[in-house]
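Working notes, beginning with the structure itself.
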Amino acid sequence: VLDLGRKCAHSCRFCYYSFMSEDGGQFGALRRAPFRSTEDSLRILDRLAGHGLVNCDVTGGEPTMHPGLPDMVRRAVSRGLSIRVITLGQFLIRRGGTRLLDTLLTAGTTDFLFSVHAGSEEGFRQATGGSLAKVLAVMDALDGAGFQYTANTVVHAGNLDDLPRIAELSAGRGVYHHNFIVFNAYYRWDSPARVAGLQAAYPAMAPPLSQAVDILAAAGVAVTVRYLPLCVVPGLARHLVGVVGVHHDPHEWMNRAGNEDREPEYCAEPLPVPGDGPRQVYALTRGRRLVECGPGGPVEAVAWRGDAFKIFPAPCADCAAMDYCDGVDPKYVLLHGTAGLAPFAPGSAQATGQPPLLASRRAYLPAFAVKRAPLADMRRAIARLSGPSGSAPKPGCSIYEP
Ligand code: SF4
């Protein structure tokens with residue numbers, strides 16, 4: 001990933017960077033942040049390629065606000081990197097002006113990841129401050145050019161009913177991989193009071209999420225669901241990836257993000273990925289303890305990950321899937337309790353695999369397809385990979401061994 005910094009004009013309700021400004025306002029940190037310079041960004045791309053990486057994402061903030069983005073795409077392509085731009089899609093087609101979309105396509109952009117957080121114009125405006133019609137216009141333009149792309153949806157209390165509609169929007173357009181990200185209360189989302197109304201309860205999430213995944217799968221779209229405890233929707237096991245296994249996901253970032261104040265060499269350095277478990281920062285520790293959770297009070301845990309940013313409450317004690325599962329945010333337990341958690345019995349077929357990935361995830365090859373050429377037919381590649389044993393991908397698509 002090339003992280004350009006936090007500068008952004010949008011107002012996504014669930015933005016990780018919320019409340020990080022001095023004044024404590026929700027979006028001040030985005031409005032006042034500088035972008036990383038074009039020169040430093042080009043150095044990061046050179047170093048990513050020099051380290052042998054083959055594919056990268058450009059993120060922010062909102063990368064399409066950076067005037068150096070076309071130069072970055074050209075540099076990536078000249079160094080043999082395929083490059084995906086992560087965007088809310090609001091500035092790619094401007095009425096009456098030249099189209100940034102055309103400039104980026106001419107520069108060689110391989111892929112886009114569009115944020116589709118609602119299925120209606122009003123819902124999108126409430127969730128992001130932006131316009132769904134603008135994103136869909138960009139998608140339609142890409143569809144006309146035979147260019148396929150990916151989509152992201154943050155799952156939160158305000159869009160559960162919308163998930164099937166969002167899935168239909170993707171399924172009916174050129175999306176080849178849809179990623180549902182269950183809202184993570186990181187950084188300054190630091191109390192149950194702050195996440196109330198945004199962090200949905202798992203039992204409410206399960207039905208619309210299952211319906212959305214079914215719609216996308218039927219259309220031949222690869223689907224990933226991130227950061228959901230395994231037992232919430234056992235039927236979606238092949239789609240689930242938590243912090244435990246996310247670094248084995250080729251759509252995840254393999255070098256440092258969130259270090260826009262550090263030198264390019266540091267940011268471009270690939271991070272080691274253990275073959276047999278999560279990264280050390282997410283390591284599982286078993287034992288009983290009370291985890292302090294600020295004014296919300298302590299939470300009782302039977303195990304935890306890392307510094308206890310995720311915990312396993314009492315119902316998880318004998319679960320056979322703990323090695324594959326993230327556990328839960330302690331703030332979630334204070335807000336919603338543990339309803340919906342259903343431990344897997346010892347020997348359960350659903351809880352088998354080779355840590356950190358369940359066997360069903362390893363066998364789901366469509367999730368491991370990466371677009372390497374702008375006009376690669378990813379839907380077709382995914383259809384071939386969805387068969388019982390999978391088969392060779394089409395040109396322009398690479399498969400990474402899970
Ligand atoms: S460890 Fe806990 S949260 Fe994870 S699958 Fe088992 S019961 Fe569910």
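Order of listing sets the numbers, starting from 1, for every ligand and every atom in it. Positions are given from 1 along the sequence. Every heavy atom of this structure was used, including side-chain atoms; hydrogens, water molecules and symmetry mates were not.
- For the pair Arg99 and Asp102, the salt-bridge criterion is met [side-chain N within less than 4.0 Å of a carboxylate O].
- At least one test fails for Lys371 against the ring of Phe112: distance under 6.0 Å to the centre or angle within 45° of the axis.
- Listed by chain and residue number, Arg256 satisfy the salt bridge (charged side-chain N to carboxylate O under 4.0 Å, His left out) test with Glu269 (two or more places apart in sequence, or in another chain).
- Pairs of residues two or more places apart, or lying in two chains, never qualify as side chain to side chain donor-acceptor pair (under 3.5 Å) while including a residue from residues 282-301.
- Annotation: protein N, O or S atoms under 2.8 Å of atom 8 (Fe) of ligand 1 (waters excluded) comprise Cys231 SG.
- Residues in residues 310-356 take part in these ring-ring contact (aromatic ring centres under 6.0 Å, His included) pairs, two or more places apart or across chains: Tyr202-Tyr332, Tyr332-His336.
- Screening His247, Met254, Arg279 for a side-chain contact (heavy atoms from CB on, under 4.5 Å) involving Leu271 leaves a single residue, Arg279.
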